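Down below is the structure, laid out as structure tokens.
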Amino acid sequence: MCMKDVLITRRISDAAEQTLAEAGLSVDVGTNEPMPRERLHASVPGRRGVICLLHDRVDDQVLVAAGPQCRIFANYAVGYDNIDLEAATRRGILVTNTPDVLTDATADLAFSLLLAAARRLIEGDHLMRSGRWSGWSPLQLLGRDPTESILGIIGAGRIGTTVAQRSTGFRMRILYVDQRPSTEIERFGGTRVDMPTLLRESDFVTLHVNLTPETHHLIGAEQLALMKPTACLINTSRGPVVDERALVEALSSGRLGSAGLDVYEDEPALAPGLRELDNVVLSPHLGSATEQTRARMARLAARNIIAALDGRRPETLVNLDAWKRD
Ligand code: GLV
Ligand code: GLV
């Protein structure tokens with residue numbers, strides 16, 4: 001069998017394949033569906049590089065199956081919690097992600113969820129489609145003002161900072177939590193506080209952290225209990241950062257005002273009761289889902305593969321130690 005250089009585990013923007021082909025690399029592409037685990041195992045051996053997706057669990061077994069000639073796994077996402085980084089580093093396999101190119105798109109989606117939840121846009125849409133709307137009414141579907149509200153940003157990285165930038169147009173007061181002070185977010189008026197202060201004072205809380213063992217269930221029953229009963233929680237990061245069952249409980253008991261979610265603990269499944277709630281806006285993991293952004297992610301992943309196979313350091317290398325080893 002003639003083995004192609006690069007595997008792309010699922011059909012993504014054509015820009016990836018084009019960029020790789022222009023560099024003289026041969027490419028196999030999966031189908032429109034996630035590649036089943038057994039197929040992933042059977043498809044990686046002999047590859048020089050792999051473009052993988054956030055639902056591909058790349059553990060040590062997959063890395064071993066790929067073989068010693070494999071130089072890089074390029075994740076088609078900014079998050080890389082699906083990859084065993086430590087194992088990749090130990091085996092000298094480079095791991096890259098797609099930061100920066102999706103920052104604006106993800107910040108825009110976080111803001112879309114915030115506005116939709118605040119102004120009850122989806123409930124309004126459902127009412128219009130139901131044929132039950134009887135005309136303007138003074139007390140119908142009253143939401144909450146984003147303008148001059150307090151925005152709590154958890155994680156002051158690129159996306160959190162870009163959300164802060166968006167919020168200045170709404171004259172929001174910005175509180176943030178991060179391990180380190182960020183001059184970037186402070187440029188937009190952000191004040192660094194501790195987590196309980198942020199949760200108690202914010203009208204909107206938005207999550208922009210990576211999923212790690214430390215951020216798993218960062219927001220659970222205890223944290224939700226600190227939030228204002230009118231507050232809104234936005235999650236465009238990773239589902240397991242929030243205890244989804246505790247969130248359903250807080251939203252259904254009126255303990256929390258509303259939520260806007262793009263990511264879920266056990267995608268594509270939802271926690272029991274979540275889909276029945278009116279006070280939550282649900283989107284299907286659309287953070288980076290624009291034509292332009294997905295094409296930029298595809299080109300970046302492809303450039304990372306090309307660089308690694310040329311012996312150059314990829315632009316967005318995650319495990320620097322795997323590079324330093326050589
Ligand atoms: C998408 O969720 C990403 O991490 O890029
Ligand atoms: C991701 O790119 C982040 O830093 O928020």
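Numbering of ligands and ligand atoms starts at 1, following listing order. It should be emphasised that the depicted structure is a prediction, and the values quoted were computed from it without experimental measurement.
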Q: Can you run down the side chain to side chain donor-acceptor pair (under 3.5 Å) pairs that involve residues 251-260, sequence neighbours left out, and say none if there aren't any?
A: none
Q: Could you note down all residue pairs passing side chain to side chain donor-acceptor pair (under 3.5 Å) where residues 260-272 supplies at least one of them, sequence neighbours left out?
A: His217-Glu265, Asp262-Ser283, Glu267-His285
(Q) Side-chain heavy atoms under 4.5 Å apart, restricted to Ile/Leu/Val/Met/Phe/Trp/Tyr: what other residues fall into the cluster of Val64, or is it alone? (A) none
Q: Give a yes or no on whether a salt bridge exists between Arg166 and Asp104, defined as a side-chain N under 4.0 angstrom from a carboxylate O.
A: yes
Q.
Tell me if a side-chain donor or acceptor on Thr9 pairs with a main-chain N or O of Cys52 at a distance below 3.5 Å.
A. no
Q) Does atom CZ of Arg10 have more than 12 heavy-atom neighbours, drawn from other residues, nucleotides or ligands, at distances under 6.0 Å? A) yes
**Q.** Sorted by chain and number, the residues that approach ligand 1 to under 4.0 Å with a heavy atom
**A.** Leu54, Ala77, Val78, Gly79, Leu102, Arg238, His285
